[in-house]
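This report refers to the structure that appears directly beneath it.
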Amino acid sequence: VAPEPYSPRVLLVGCGNVGRKVVEILSAEHHRFPGLARLRPTWVGVFTRSRGALVRPAGLDPADILRCLPAGGGVPDGHPNRTEMTVTDAVRDLEYDVLVELSALSIEGRGEPAVSWINAALARGGHVVTANKGPAAYAYAELAAAARRAGVRFLFESAVMDGAPVFSLARHGLAGCRVTGISGILNSTTNFVLQRLEEGGRLAAAVAEAQAAGFAEADPRHDLEGWDAAAKTAVLANVLLDGRVTPPEVARTGITGITDADIRRARERGGRLKLVCRARRTESGVTACVAPEEVPLGDPFARVNGSGSILRLETDLMGPLLITQENPTLYDTAYGVLNDLLSLAEPV
Ligand SMILES: NC(=O)c1ccc[n+]([C@@H]2O[C@H](COP(=O)([O-])OP(=O)(O)OC[C@H]3O[C@@H](n4cnc5c(N)ncnc54)[C@H](OP(=O)(O)O)[C@@H]3O)[C@@H](O)[C@H]2O)c1
């Protein structure tokens with residue numbers, strides 16, 4: 001029996017790499033993914049920061065969204081659905097069932113303005129799906145409580161490990177288990193750069209290569225100084241360990257201080273340097289850190305190459321469990337968003 005179609009009205013904030021791929025998978029590429037057949041959203045609005053916005057309460061044509069907002073392109077003047085509305089007004093005033101929030105992480109802004117948009121959407125009874133780490137890293141407890149009060153969901157599967165099932169695994173597959181600690185390699189850029197340094201490459205060239213491949217930030221300091229990893233560690237600490245940890249509270253050492261001699265010494269001792277994220281419950285709360293560590297070659301962490309990642313979950317009843325991901329692409333990130341959207345079709 002074919003499942004019932006699920007057709008939420010979606011307000012999309014952020015139409016960059018991930019936003020475009022989500023729209024594309026659900027339109028031009030929809031026929032390739034039969035598992036997504038029931039997901040038929042109505043796009044009531046699409047917003048960017050600098051390239052314009054479109055609103056049509058009866059639903060925008062996805063092909064038109066992609067035509068108006070290609071990489072680097074903007075909504076043409078005179079387009080019948082062009083709007084000068086702000087995102088804040090749209091979140092407050094438009095009619096929608098789900099806010100899909102795909103704007104950029106703001107470390108300096110403590111997750112804003114996304115945290116306020118999400119709060120406003122939840123307060124109005126809208127579900128929220130985001131791939132942005134900022135909201136759960138800076139305000140998870142507050143946003144989860146707002147979602148509970150409104151009887152809706154706040155979901156963010158793609159915020160850590162690009163759509164690999166981490167949070168849904170904890171919610172469903174590990175129901176009844178208490179996660180006691182996590183560790184992982186969670187930042188693609190630093191893992192890729194460390195591998196290139198081991199191969200004799202230079203930092204600047206490795207970063208340029210990661211940017212060209214599309215997984216490094218335009219400003220790579222957030223990756224190299226460990227901020228992206230710290231934000232992911234904070235999300236995991238807050239969601240899986242009931243912590244109240246923000247990214248600046250994660251003890252953080254990036255990879256900018258690593259020298260060729262450090263890499264060589266690790267190799268001579270039979271290890272590899274990896275940027276490792278850790279968080280665990282203690283008697284006084286949750287501690288979290290990100291730092292380069294020498295990992296023995298036989299350890300699964302040492303086998304994570306390129307832009308791959310790994311997460312180890314320690315629980316009281318099960319495990320330890322390891323989730324690994326090899327060289328994720330934009331499809332993985334978009335899939336996390338789509339999986340979150342599909343899960344909204346089930347009762348809260
Ligand atoms: N790319 C990945 O593989 C990946 C993986 C996991 C998680 N994520 C997360 O997913 C989110 C989206 O990533 P992305 O690669 O699609 O980023 P992106 O290409 O930089 O796109 C971000 C989009 O958000 C819009 N935006 C940013 N600030 C805004 C604001 N204040 N108001 C309105 N719109 C705003 C941007 O507008 P403009 O177009 O005008 O700049 C752009 O359309 C990020 O939080 C990222 O960390 C990405």
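The first residue of the sequence shown is numbered 1, and numbering continues consecutively from there. In listed order, ligands and their atoms are each counted from 1.
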Fill in the blank from the handout: Nearest non-hydrogen protein atom to atom 3 (O) of ligand 1, with distance, is Thr333 OG1, 3.3 Å
Practice task
Tell me which protein heavy atom sits closest to atom 15 (O) of ligand 1, plus the residue, atom name and distance to 0.1 Å.
Solution key: Asn17 ND2, 3.3 Å
Exercise for the section: State, to 0.1 Å, how close Gly126 and Val152 come at their nearest heavy-atom pair, and which atoms those are. Expected result: O-CG2, 3.5 Å
Handout entry: Check ion pair Arg202-Asp260 (N to O, under 4.0 angstrom)
Key = yes
Exercise for the section: Report, as yes or no, whether the 6.0 Å neighbourhood of atom CZ on Arg267 holds more than 12 heavy atoms from other residues, nucleotides or ligands. Expected result: yes
Fill in the blank from the handout: At under 4.0 Å between heavy atoms, what of Ser158 touches ligand 1? The answer is backbone
Exercise for the section: Indicate yes or no: does Arg38 engage Glu346 in a salt bridge with an N to O separation below 4.0 Å. Expected result: yes
Practice task
Under 4.0 Å from a heavy atom of Asp162: give me the atoms of ligand 1 that qualify, with their elements.
Solution key: 5 (C), 6 (C)
Exercise for the section: Have a look at Gly72, Ser103, Ala334, Ala53 and point out the one with the heavy atom closest to atom 45 (O) of ligand 1. Expected result: Ser103
Exercise for the section: Could you check which of Cys15, Gly214, Gly134 puts a non-hydrogen atom nearest to atom 43 (O) of ligand 1? Expected result: Cys15
Handout entry: Minimum heavy-atom distance Ala206-Phe192, with the two atoms named
Key = O-CE2, 3.5 Å
Exercise for the section: Measure the distance from atom 25 (C) of ligand 1 to every protein heavy atom, then report the residue, atom name and distance (to 0.1 Å) of the closest one. Expected result: Gly14 CA, 3.7 Å
Practice task
Give a yes or no on whether a salt bridge exists between Asp61 and Arg56, defined as a side-chain N under 4.0 angstrom from a carboxylate O.
Solution key: no
Practice task
For Ala131, take its heavy atoms, then give the atoms of ligand 1 lying under 4.0 Å from any of them.
Solution key: 7 (C), 8 (N), 9 (C), 10 (O)
Problem - Structural part of Val18 in contact with ligand 1, heavy atom criterion under 4.0 angstrom - result: both
Handout entry: Numbering as shown, the atoms of ligand 1 that approach Leu105 to under 4.0 Å (heavy-atom distance)
Key = 45 (O)
Problem - Verify atom 1 (N) of ligand 1: protein non-hydrogen atom under 4.0 angstrom away - result: yes
Handout entry: ligand 1-proximal atoms of Lys133, by part, heavy-atom distance under 4.0 Å
Key = side chain
Completion exercise
Heavy-atom proximity to atom 39 (O) of ligand 1 ranks first, among His222, Arg51, Glu101, for Arg51
Practice task
May I ask you to check if Arg252 and Trp227 form a cation-pi contact, with NZ or CZ under 6.0 angstrom from the six-membered ring centre and within 45° of the axis?
Solution key: yes
Practice task
Measure the distance from atom 34 (N) of ligand 1 to every protein heavy atom, then report the residue, atom name and distance (to 0.1 Å) of the closest one.
Solution key: Arg49 N, 3.1 Å
Handout entry: Nearest-neighbour protein heavy atom for atom 32 (N) of ligand 1, which is reported as residue plus atom name and distance
Key = Trp117 CH2, 3.4 Å
Exercise for the section: For the pair Glu199 and Arg196, find out whether any cationic side-chain nitrogen is under 4.0 Å from an anionic carboxylate oxygen. Expected result: yes
Problem - Side-chain donor or acceptor of Asp223 paired with backbone N/O of Asn187 under 3.5 Å - result: no
Handout entry: Taking atom 20 (O) of ligand 1 as the reference point, the nearest protein heavy atom with its distance
Key = Ala104 CB, 4.9 Å
Problem - Arg280 atom CZ, over 12 foreign heavy atoms within 6.0 Å - result: no
Handout entry: Nearest protein heavy atom with distance in Å, relative to atom 22 (C) of ligand 1
Key = Leu102 O, 3.6 Å
Exercise for the section: Give the residue, atom name and distance (to 0.1 Å) of the protein heavy atom nearest atom 21 (O) of ligand 1. Expected result: Gly16 CA, 3.3 Å
Handout entry: Val87 neighbourhood, listing ligand 1 atoms whose heavy-atom distance to it stays under 4.0 Å
Key = 33 (C)
Exercise for the section: Assess whether atom CZ of Arg92 is packed by more than 12 heavy atoms of other residues, nucleotides or ligands within 6.0 Å. Expected result: yes
Handout entry: Which segment of Asn132 sits under 4.0 Å of ligand 1 when only heavy atoms are counted
Key = both
Problem - Salt-bridge criterion met for Asp242 and Arg281 (N-O under 4.0 Å) - result: yes
